[in-house]
Visitor: 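I have a structure I would like to understand better, so I am pasting it below and will then ask my questions one at a time.
Not measured: the values here are computed from a predicted model.
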Amino acid sequence: MTMKQNMKRFAAFAMAAVMTVAFPASVAAEELEHGDEKAGVGEVEGSVKQDIYQVVLPTVTDNMFNFIIDPQGLINKTEGAAYDGKTFEEGGTLFFERKDGGVEEDYSSMSDAIKIMNRSSVAIDVAVDVRVEAESLNGITLTGDKEFTDDTGASLYLALTDGEETVPIGADGVSMNVTVDAAPEGAYEYSYDEETGEYTYEMSSDLSGIEFPEYSFQLVGASNEKGDWSELKGAVPKILVSWKITPKSE
């Protein structure tokens, strides 16, 4: 047999082999089109609670808003003799005892601050309400004028302040409503517990550089030095202060 004939026989064999391989591939495609369906199953990896509510408040607030009315400035004129030499804000006519270190004096015309720190993963709403019990005034008049302009009565100025806004406390009291932002990015992190097989969302173990949002408020006051207080020594005005904190409403 010649080499030319061998080449023809090889080509014929190769063509037959190609046809043999191609045919089952055509059948397989037909079977996939008309055969049984194949199923895939989805699985939920997990779910964690992301709304974490954690607010830090002062631990001691008893007597924080007690105050002394001194319209004639007798305390400073006697160098605090009646108060064991405690120091009082110069020029003040109404004093709150200070314990938070916010001022140099032991007593000042502004109270200690109620500080609210939001360490939550969500924003919070803060509602502050302050009023003076009307029956406790016993002849003292509340005024919104801290300078007591043209006022010769036994008048008392009290106000709620948060450092940005100062609102005098009138006969109906006063309210402030603010929103405090959630903890900043990085304060909380996701983790996986290999023992329980559960995911968690918790405060980060490393809080360096994290500053949690805060809100604070104080009371400030004064009494009218031009008024006649001689018949009011026994008066004990009573301030009622309350605050409510809730997760921010949508």
Visitor: Looking only at non-hydrogen atoms, find the nearest pair between Asp145 and Thr143 and report the distance.
Guide: N-OG1, 3.1 Å
Visitor: So, are Arg98 and Asp100 salt-bridged, with charged N and O less than 4.0 Å apart?
Guide: yes
Visitor: For atom CD of Glu79, decide whether the heavy atoms of other residues, nucleotides or ligands shown that lie under 6.0 angstrom number more than 12.
Guide: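 Check fails, neighbour count at 12 or below.
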Visitor: Can you give each donor-acceptor pair under 3.5 Å made by side-chain atoms of residues 164-183, sequence neighbours left out, with the distance rounded to 0.1 Å?
Guide:
{"unit_1": "Thr166", "atom_1": "OG1", "unit_2": "Thr161", "atom_2": "OG1", "d": "2.9"}
{"unit_1": "Ser175", "atom_1": "OG", "unit_2": "Asp129", "atom_2": "OD1", "d": "2.3"}
{"unit_1": "Thr179", "atom_1": "OG1", "unit_2": "Asp125", "atom_2": "OD1", "d": "2.8"}

Visitor: When rounded to the nearest 0.5 angstrom, what distance separates CZ in Phe96 from CG in Asn63?
Guide: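 Atom-to-atom, Phe96:CZ and Asn63:CG are 12.5 Å apart.
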Visitor: Specify the closest pair of heavy atoms between Pro58 and Lys115, including all atoms of both residues, with the distance to one decimal.
Guide: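 Closest heavy-atom pair between Pro58 and Lys115: CD-O, 3.3 Å.
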Visitor: Run the salt bridge (charged side-chain N to carboxylate O under 4.0 Å, His left out) test against Arg131 and tell me which residues pass, sequence neighbours left out.
Guide: none
Visitor: In the single-linkage hydrophobic clustering (I, L, V, M, F, W, Y; side-chain heavy atoms under 4.5 Å), do Ile245 and Leu160 co-cluster?
Guide: yes
Visitor: Can you confirm whether more than 12 heavy atoms, excluding those of Gln54, are under 6.0 Å from its CD atom?
Guide: yes
Visitor: Main chain of Ile52, side chain of Ser121: is a donor-acceptor contact present, judged purely on distance under 3.5 Å?
Guide: yes
Visitor: Please examine the side chains of Phe65 and Val130, heavy atoms only from C-beta on, and report whether any two atoms are closer than 4.5 Å.
Guide: no
Visitor: Go through the steps to decide whether Glu89 and Phe95 satisfy the test side chain to side chain contact (heavy atoms under 4.5 Å, CB included), and finish with yes or no.
Guide: CA-CA 8 Å; Glu89 177 186 327; Phe95 302 102; 4.2 Å; yes
Visitor: Once rounded to the nearest 0.5 Å, what's the spacing between atom OG of Ser109 and atom NZ of Lys146?
Guide: 9.5 Å
Visitor: Looking at Glu185, I want to see if its CD is surrounded by more than 12 non-hydrogen atoms of other residues, nucleotides or ligands under 6.0 Å.
Guide: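 It does not: Glu185 CD has 12 such atoms or fewer within range.
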Visitor: Return the minimal non-hydrogen interatomic distance between Pro237 and Ile140, and the atom names on each side.
Guide: CG-CD1, 3.7 Å
Visitor: I'd like a table of donor-acceptor pairs (distance under 3.5 Å, sequence neighbours excluded) in which one partner is a side-chain atom from residues 210-221, with atom names and distances.
Guide:
{"unit_1": "Tyr215", "atom_1": "OH", "unit_2": "Asp162", "atom_2": "OD2", "d": "3.1"}
{"unit_1": "Gln218", "atom_1": "NE2", "unit_2": "Ser111", "atom_2": "O", "d": "2.7"}

Visitor: According to the interplanar angle, ranging from 0 to 90°, do the rings of Tyr199 and Tyr192 count as parallel (below 30°), tilted (30 to 60°) or perpendicular (above 60°)?
Guide: tilted
Visitor: Can you pull the side chain to side chain donor-acceptor pair (under 3.5 Å) pairs that have at least one residue in residues 225-235, sequence neighbours excluded?
Guide: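 Checked against side chain to side chain donor-acceptor pair (under 3.5 Å) - neighbours excluded - the pairs reaching residues 225-235 are Asp228-Ser230.
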Visitor: Val128, Val55: one ILVMFWY side-chain cluster at the under-4.5 Å cut-off?
Guide: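 Same cluster.
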Visitor: First locate atom CD1 of Ile69, then atom CG of Leu94, and finally report the distance between them rounded to the nearest 0.5 Å.
Guide: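 Between atom CD1 of Ile69 and atom CG of Leu94 there are 6.0 Å.
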Visitor: Residues sharing Val122's hydrophobic cluster, by side-chain heavy-atom contacts under 4.5 Å among ILVMFWY, directly or via others?
Guide: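 Val122 clusters with nothing; isolated.
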Visitor: Take Leu240 and Lys238, measure what side chain to side chain contact (heavy atoms under 4.5 Å, CB included) needs, and give me the verdict at the end.
Guide: CA-CA 7 Å; Leu240 303 174; Lys238 185 177 182 180; 3.7 Å; yes
Visitor: Are the side chain of Thr93 and the backbone N or O of Ser223 linked by a donor-acceptor pair below 3.5 Å?
Guide: yes
Visitor: Identify the heavy atoms of Glu104 and Thr87 that sit nearest to each other, and give their distance.
Guide: O-OG1, 4.2 Å
Visitor: Take Trp243 and Leu57 through the test side chain to side chain contact (heavy atoms under 4.5 Å, CB included) and record every step on the way to the result.
Guide: CA-CA 11 Å; Trp243 54 94; Leu57 294 168; 4.1 Å; yes
Visitor: Between Val126 and Tyr53, is there shared hydrophobic-cluster membership here, with clusters defined by ILVMFWY side-chain heavy atoms closer than 4.5 Å?
Guide: yes
Visitor: Is there a donor in the side chain of Tyr190 and an acceptor in the side chain of Gln50, or the other way round, less than 3.5 Å apart?
Guide: yes
Visitor: To the closest 0.5 Å, what do you measure between CG (Asn66) and CD1 (Ile239)?
Guide: 9.0 Å
Visitor: Looking at Val48 and Thr200, what are the two nearest heavy atoms and their distance?
Guide: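 Heavy-atom minimum between the residues: CG1-N, 3.8 Å.
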Visitor: Measure up the Tyr107 and Phe88 rings against each other and bin them: parallel (under 30°), tilted (30 to 60°), perpendicular (over 60°).
Guide: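 Geometry flag for Phe88 against Tyr107: parallel rings.
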Visitor: So, does Ser155 use its side chain to make a donor-acceptor pair with the main chain of Asn224 at under 3.5 Å?
Guide: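 Absent.
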Visitor: Asp70: what forms a salt bridge (charged side-chain N to carboxylate O under 4.0 Å, His left out) with it, not counting sequence neighbours?
Guide: none
Visitor: According to a 4.5 Å side-chain heavy-atom criterion applied to Ile, Leu, Val, Met, Phe, Trp and Tyr, with indirect links allowed, do Val241 and Ile68 form part of one hydrophobic cluster?
Guide: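 In one cluster with Val241: Ile68, no.
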Visitor: Has the side chain of Lys99 got a donor or acceptor atom that lies under 3.5 Å from a matching backbone atom of Asp106?
Guide: no
Visitor: Can Ser204 and Asp206 be counted as having a side-chain donor-acceptor contact under 3.5 angstrom?
Guide: no
Visitor: Apply side chain to side chain contact (heavy atoms under 4.5 Å, CB included) to Ile116 and Val56, showing your working.
Guide: CA-CA 6 Å; Ile116 299 167; Val56 180; over 6 Å; no
Visitor: Considering non-hydrogen atoms only, spot the tightest contact between Gly144 and Tyr157 and give its length.
Guide: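 Nearest heavy atoms, Gly144 then Tyr157: O-CE1, 3.6 Å.
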